[in-house]
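Data block below; observations after.
Please read all numbers here as calculations on a predicted model, not as lab measurements. In what follows, chains are A, B, ... by sequence order, proteins preceding strands, each numbered from 1. All values below were derived from every heavy atom in this structure, side-chain atoms included, with hydrogens, water molecules and symmetry-related copies excluded.
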Amino acid sequence: MAHDQHEVDPGAYDFASIQAKWLPVWEESKPFAAGRPGDTKPRKYILDMFPYPSGDLHMGHAEAFGYGDTVARYWRHQGFDVLHPIGWDSFGLPAENAAIKRGVDPRAWTYENIDQQKRSFRQYAPSFDWSRELHTSDPEYYRWNQWLFLKLYEKGIAYRKAGQVNWCPNDQTVLANEQVVDGHCERCGAVVTKKALTQWYFRVTDYADRLLDDLNQLEGAWPSKVISMQRNWIGRSAGADVEFEIEGREERIPVFTTRPDTLFGATFMVVAPDSELAAELAAGASDEVKARFEGYLESVRTESDIDRLATDRPKTGVFLDRHAINPVNGERLPIWAADYVLADYGHGAIMAVPAHDQRDLDFARAFDLPVRVVVDTNQPVTGVIPVIPLDENGVPYLPDDLPPLNPGDTGVALTGEGRLINSGPLDGLSKSNAIRRVVDLLEHRGLGRAAKNYRLRDWLISRQRYWGTPIPIIHCTDCGEVPVPDSELPVRLPDAAGLDLKPKGSSPLGAAEDWVNVACPKCGGAARRDSDTMDTFVDSSWYYLRYLNPTDEGVAFDPAEAEKWAPVDQYVGGVEHAILHLLYSRFITKVLFDEGYLSFTEPFTSLLNQGMVLMDGSKMSKSKGNLVEFASELQAHGTDALRVTLAFAGPPEDDIDWADVSPTGAAKFLARAWRIAGEVTSSPDVEWKTGDAALRRITHRLLADAPGLVEAFKFNVVVARLMELVNATRKAIDSGAGAGDAAVREAAEVTAMILDLFAPYTAEDMWERLGYQPTVALVPWRKADPALLVEESVTAIVQVNGKVRDRIEVSPKISGEELEALARASAAVVRTIGDSEIVNVIVRAPRLVNIAIKG
RNA sequence: GCUCCCGUAGCCCAAUCGGCAGAGGCAGGCGACUUAAACUCGCCGCAGUCUGGGUUCGAAUCCCAGCGGGAGCACCA
């Protein structure tokens, strides 16, 4: 029997035809364009982290963009002019790798991917303002990356230096510290090695204090996890720089310590083997020492970061046969080179206090170096832990069974509080007082000062790859580094055709002879362009500002527009950028603030991290065969069911296991809601007040509660409440007031309006079935009627000793006295109390009475 | 090893301030509609909140300890 393929029951919910019906309508009317001239509404800027165009959207995108869109749609209903833009983070290695593998042009590959991905995106119907779409790989965009670079160069924030850098042998390029995760390349997973290279950096360490301190303003508005990760990453520690004389050396060596109070306990000094200082000290020693040092250095160089990061590995090192002088007591301290001291932290040298530092103690025990206790951790210090033990009369005493003070034997360093001993003028002081005293002492003698140190390193931004923003610097043999004049921006990427993009450790751009050879802008002589490209995290560090005027050819962004829209009110994206992108973006925002371009110092006022979409408890991947394809889910269930499924699965920041959710359940709910809109028989001008009060109460409670729920990101609860409303409406139609009741129409309209946050197609179609014109997305939020939020009566609970003994229906306005009287009169209560004595009665009118009795 | 988060029904999840443990869904059971099935509609909830202590008139909620799970950090002087 031949079926007409379009044979669809007109009374049945068919997501495909609803999508096909409304998408062109919205594309035509563009209801989501922001900043229309003359719009006086208050503004909100809702931003999703822009995607890398990898070919197609996946479930992770579906989740994140769904949440972002819910928030954007919500604020539109609340009467805001909402800026909700989208663009493409379209520079980066995948395009280049595809180019190498398949001989395609990286540009063509990228823009084809964008086209494909965009088609899925449109089906998914986020309420984007597509007119502001941007691509970081367009010269119109990266021109401003170059502008930003030159600004930073001008201010001394961008600079070039030589050093040991992270090198990804797979991608054949350097990496920033943030892009090395557990010794592996953040992007491709290869084991990262070290390489000595001259590279471009941004001086993010100059902003370390502000990046750390300003996290306080994000407290409560960003996930606490992200805040603590950033705090850890910046890793500020306070202490002192102490200068040590070195025998046979003119200049003193500074060391950083967080425990200057233990200075009298220093028994040796350690320098990082890969530091210049170590090489210099070894050079001044005997040939035998020199040889031993060279051998050690070699072994240190060959070990990977992975090995080096392993904890509990035995301490290694060599004695350099040189000595330092302790500035406070004149003692000679042997100097060792050991790899547990890092060249690029502090000054690459430490004073070792084995009694009070576990690492120093491990080293001292391995090489039989002296251990001297200078803090008696058995002596309690007032006001700090350990608390002074008190005897039964409240008199402080010292217990007899104190732990021994011999870390050299126990192997456990004494890191706690205590009183200073063996420390001359510091004896008897507490830790904090000793720190203050010794810093004073050192400052007075010019041998040290209070100091801070950071784990954060400067941001290495140059990359030896093709598909990125060219660094706008020209290297001239006579003039050195010369910035490309603004009038010559953008420095465009040369055509990839004819270039060998295969990674070979230097940028492919260097081989583009026509491109790389230029006249020096200063002297006109022969010069070469810098052939590295920028880290793509530079692109994304300020893109949120480019959306404000994406086609402006005169400025990167318009400060007046920034004043109107920025900072971003709500940012949505993955927690994988907890440090990377979010730290860089915060940094660049502060730089732009300092330069007077912005009036705020934090780019993202509020942050929502979505969880991951899993399958059967683990991350989805092709190799595991547990991939849930976005495209096929979209095909099978439609946009709305997919979005409702994701919103309803649980709190947005939690992971979603696709095995636990039910897109068909979501589709059923949508169909149920949609059918109701078709059953309503009253006309739009019906008088609400005449409607069924019970249903109206449910409707208005939702109107009242939903804003708080959405603003707290409890999307799953909002969906549950919508289900509740739909169930109640169904009941009213079938076995209550009937389809013609005003409350049924009201409930259906409110359902459509709120459903728009999660299921825009269904909501729009319902809206039309209810007799209105598009678009439901722009319908103002209905005000909840306060009269309907008050219950006619409430159930008061009567407890005896916390156990529920009776329930009484009372007026919500009942007084405490009346309620107590009613409770005491309750038969069940009287029975329970019997002869017992009433000790206490707690009354919380109108909800609860608790009678406490004896026995 | 250190820090943070989380443990509620077979499963996913709710429970504004410490005040009736259940809003919602999945799965399941029963029923109506149907020749039958699907769809649809209706009905069905004794889990006392991981364990043990504590605070309180009252604890899923606050505190302490433990168990289990997840995340972050881990030679940073």
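Across all strands shown, B:A71 forms a Watson-Crick or G-U wobble pair, both distances under 3.5 Å, with B:U3. Here B:U56 sits opposite no nucleotide as a Watson-Crick or G-U wobble pair (both hydrogen-bonding atom distances under 3.5 Å).
Scored by the side-chain hydrogen bond (donor to acceptor under 3.5 Å, both in side chains) test, A:Glu178 finds A:Trp233, A:Tyr584 as partners (sequence neighbours excluded). For A:Phe715, the ring-ring contact (aromatic ring centres under 6.0 Å, His included) partners at least two apart in sequence or on another chain are A:Tyr67. Annotation: salt bridge (charged side-chain N to carboxylate O under 4.0 Å, His left out) contacts of A:Asp640 (sequence neighbours excluded): none. For A:Ser432, the side-chain hydrogen bond (donor to acceptor under 3.5 Å, both in side chains) test picks out no residue, with sequence neighbours left out. Listed by chain and number, the residues in a side-chain hydrogen bond (donor to acceptor under 3.5 Å, both in side chains) with A:His581 are A:Tyr571 (sequence neighbours excluded). Residues passing the salt bridge (charged side-chain N to carboxylate O under 4.0 Å, His left out) test with A:Arg365, sequence neighbours excluded: none.
The gap from the C1' atom of B:A21 to that of B:A47 amounts to 9 Å, rounded to the nearest Å.
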- Item | Base versus backbone protein contacts along nucleotides 12-17 of chain B [heavy-atom cut-off under 4.0 Å; B, S, -] | SSSSB-

- Note on the structure: 5' to 3', nucleotides 41-48 of chain B under a 4.0 Å protein heavy-atom cut-off (B base, S sugar-phosphate only, - none) gives SSS-----

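Every pair passing salt bridge (charged side-chain N to carboxylate O under 4.0 Å, His left out) that includes a residue from residues 703-713 of chain A is listed here, sequence neighbours excluded: A:Asp705-A:Arg721.
Residue A:Ala666 is the one, among A:Ala666 and A:Asp362, whose nearest nucleotide of RNA chain B lies closer to the 5' end (criterion: closest heavy atom).
Taking the ring centre of A:Tyr340 as origin, the terminal cationic atom of A:Lys315 falls inside the region bounded by 6.0 Å and 45° from the ring axis.
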